[in-house]
Structure formats: C-alpha cells, structure tokens
Amino acid sequence: QVQPVESGGGSVQAGGSLRLSCGVSGYSYNIDCMGWFRHAPGKEREGVAVIDRLGGTTYAASVKDRFTISKDNANHVYLQMNSLKPADTGMYYCAVEISASVDWCSRLVGYADGMDYWGKGTPVTVSS
C-alpha cells in the first residue's frame with residue numbers, strides 16, 4: 001500500500017518559515033509526480049506545488065516566490081515555506097501520482113482529484 005506520511009507542520013508568526021517533509025512508503029520505484037496541497041477552514045482544498053520526475057516545478061500563484069518544492073531520489077518530497085502569511089494557515093497534505101507525464105503533473109496543481117495517494121496531513125498555523 002502506497003502511503004505518504006507528512007511531518008514538519010507547526011505554528012509560526014507571520015514572516016516566519018517552516019519546512020515540510022513527506023516520505024512515501026510502499027513503492028520502491030521513482031514516483032512521477034509529487035505535490036503539496038492545503039485545506040483551510042471554510043475554504044476549498046487547493047494545490048500548492050507539484051514536482052515532476054525531472055524536477056520541474058509548478059506553483060500556485062499565491063505561493064510563488066515564497067515556497068520551494070524539492071525532492072530526492074528516495075521518494076521524499078519537501079516544501080520550504082518562507083515569508084509565511086496568516087492566509088497560509090491550513091492542513092497541508094502530501095499527495096503522489098505514480099505515473100504521470102511531465103505535462104500532466106504540472107496540471108495536477110489545479111486538479112487535486114487527479115492524485116492517486118494522500119497522506120493524513122500536517123497542520124500549519126501562521127499568526128499575525
């Protein structure tokens with residue numbers, strides 16, 4: 001069973017930084033598309049960033065230039081979040097799509113339902 005597991009969430013003041021990590025168990029080969037999504041109370045779930053098998057990245061406009069997604073060759077994906085704002089508060093989920101073209105992966109930042117496997121989430125709270 002493929003299972004992403006997130007860690008690194010917490011509480012910070014506006015302007016601060018956090019680094020989220022996600023390890024994926026249950027799959028020994030390289031995963032084609034890995035991403036981060038978030039869900040804030042009273043809002044719809046939204047994509048934050050995705051990274052494809054070649055290391056290409058796509059970001060939501062709201063986090064571009066503040067957040068950085070990266071990965072290693074062992075199916076770990078990371079999200080460095082800088083200059084955090086109260087609007088970034090929410091539950092952050094790691095999700096993966098085992099098989100995806102580079103083009104399709106870039107589209108998944110706007111189509112969360114296209115991801116195959118989801119973690120249980122890690123909370124991020126940014127206070128003003």
Side-chain angles (χ1 to χ4, degrees):
Q1 175 73 14
V2 178
Q3 183 61 61
V5 179
E6 307 94 339
S7 62
S11 298
V12 295
Q13 290 191 325
S17 299
L18 282 174
R19 179 177 169 85
L20 306 183
S21 299
C22 173
V24 182
S25 61
Y27 193 75
S28 300
Y29 304 98
N30 287 337
I31 295 173
D32 280 351
C33 188
M34 307 175 79
W36 290 95
F37 297 78
R38 66 186 182 188
H39 192 186
K43 297 183 179 180
E44 293 188 358
R45 182 177 56 181
E46 64 173 342
V48 175
V50 294
I51 186 165
D52 64 41
R53 65 178 185 269
L54 301 180
T57 58
T58 307
Y59 295 91
S62 59
V63 306
K64 196 171 175 60
D65 298 328
R66 298 188 298 123
F67 291 9
T68 302
I69 189 171
S70 60
K71 69 182 183 72
D72 64 16
N73 291 328
N75 288 340
H76 294 92
V77 62
Y78 308 95
L79 187 69
Q80 178 66 44
M81 305 187 293
N82 298 329
S83 301
L84 282 161
K85 305 175 181 179
D88 295 317
T89 294
M91 188 68 78
Y92 281 68
Y93 298 91
C94 173
V96 303
E97 172 86 347
I98 298 296
S99 179
S101 68
V102 167
D103 178 68
W104 178 239
C105 181
S106 69
R107 297 172 188 271
L108 288 174
V109 75
Y111 182 54
D113 288 345
M115 303 300 271
D116 288 333
Y117 300 97
W118 290 79
K120 291 180 170 55
T122 185
V124 171
T125 303
V126 184
S127 58
S128 57

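Taken from CG in Leu108 to OG1 in Thr58, the straight-line distance is 9.5 Å, to the nearest 0.5 Å. Annotation: the span from Leu84 atom CG to Ser11 atom OG amounts to 11.0 Å, rounded to 0.5 Å.
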Legend entry - Verdict with reasoning, Val124 to Met81, per side-chain contact (heavy atoms from CB on, under 4.5 Å): CA-CA 10 Å; Val124 171; Met81 305 187 293; 3.9 Å; yes
Inset, instruction - Begin with the C-alpha distance, continue with both residues' side-chain angles, and end with the deciding distance and a verdict on side-chain contact (heavy atoms from CB on, under 4.5 Å) for Asp113 and Arg45. - result: CA-CA 10 Å; Asp113 288 345; Arg45 182 177 56 181; 2.8 Å; yes
Legend entry - CA sep, side-chain torsions, deciding dist, call: Asp116, Val2, side-chain contact (heavy atoms from CB on, under 4.5 Å): CA-CA 9 Å; Asp116 288 333; Val2 178; over 6 Å; no
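Formation of a donor-acceptor pair under 3.5 Å by the Glu46 side chain with backbone atoms of Arg38 is not found in this model. With hydrogens and angles disregarded, no donor-acceptor distance shorter than 3.5 Å links the side chain of Thr125 to the backbone of Thr89. A side-chain donor-acceptor contact under 3.5 Å links Asn75 to the backbone of Tyr29. At distances below 3.5 Å, not a single donor-acceptor pair connects side-chain atoms of Arg53 with backbone N or O atoms of Ser99.
Residues Glu6 and Lys120 are not paired through a salt bridge, judged by the lack of any N-O separation under 4.0 Å between the basic side chain and the carboxylate.
Contacts classified as ring pair (Phe, Tyr, Trp, His ring centres under 6.0 Å) and involving residues 41-85 (residues at least two apart or in different chains) are not found. Applying the ring pair (Phe, Tyr, Trp, His ring centres under 6.0 Å) definition to pairs two or more places apart or across chains, those involving residues 79-115 are Trp104-Tyr111.
Criterion: ILVMFWY side-chain heavy atoms under 4.5 Å apart, direct or through other members. Under it, Val24 and Val50 are not part of a common hydrophobic cluster. In terms of hydrophobic clustering, with Ile, Leu, Val, Met, Phe, Trp and Tyr side chains grouped at heavy-atom distances under 4.5 Å, Ile98 and Trp36 are assigned to a common cluster. Cluster annotation: Leu20 is not connected to Met91 through the hydrophobic network of ILVMFWY side chains, with a link wherever side-chain heavy atoms come within less than 4.5 Å. Placement of Ile69 and Met115 in two distinct hydrophobic clusters is found when ILVMFWY residues are connected by side-chain heavy-atom separations under 4.5 Å, directly or transitively. Grouping the Ile, Leu, Val, Met, Phe, Trp and Tyr side chains by contacts below 4.5 angstrom, directly or via other members, places Tyr27 with Met34.
Remark: Lys71 NZ is packed, more than 12 non-hydrogen atoms of other residues, nucleotides or ligands lying under 6.0 Å away. Atom CD of Gln3 has more than 12 heavy atoms from other residues, nucleotides or ligands within 6.0 Å. Shown here is Arg107, whose CZ atom has no more than 12 heavy atoms of other residues, nucleotides or ligands within 6.0 Å.
Here the closest non-hydrogen pair linking Val109 and Ala49 is CG2-N, 3.9 Å. Closest heavy-atom contact between Glu97 and Gly114: OE1-O, 2.6 Å.
Counting heavy atoms from C-beta outward, Val126 and Pro86 have side chains that approach closer than 4.5 Å.
Applying the 4.5 Å side-chain rule to ILVMFWY residues, one finds Val102 in the same cluster as Leu54.
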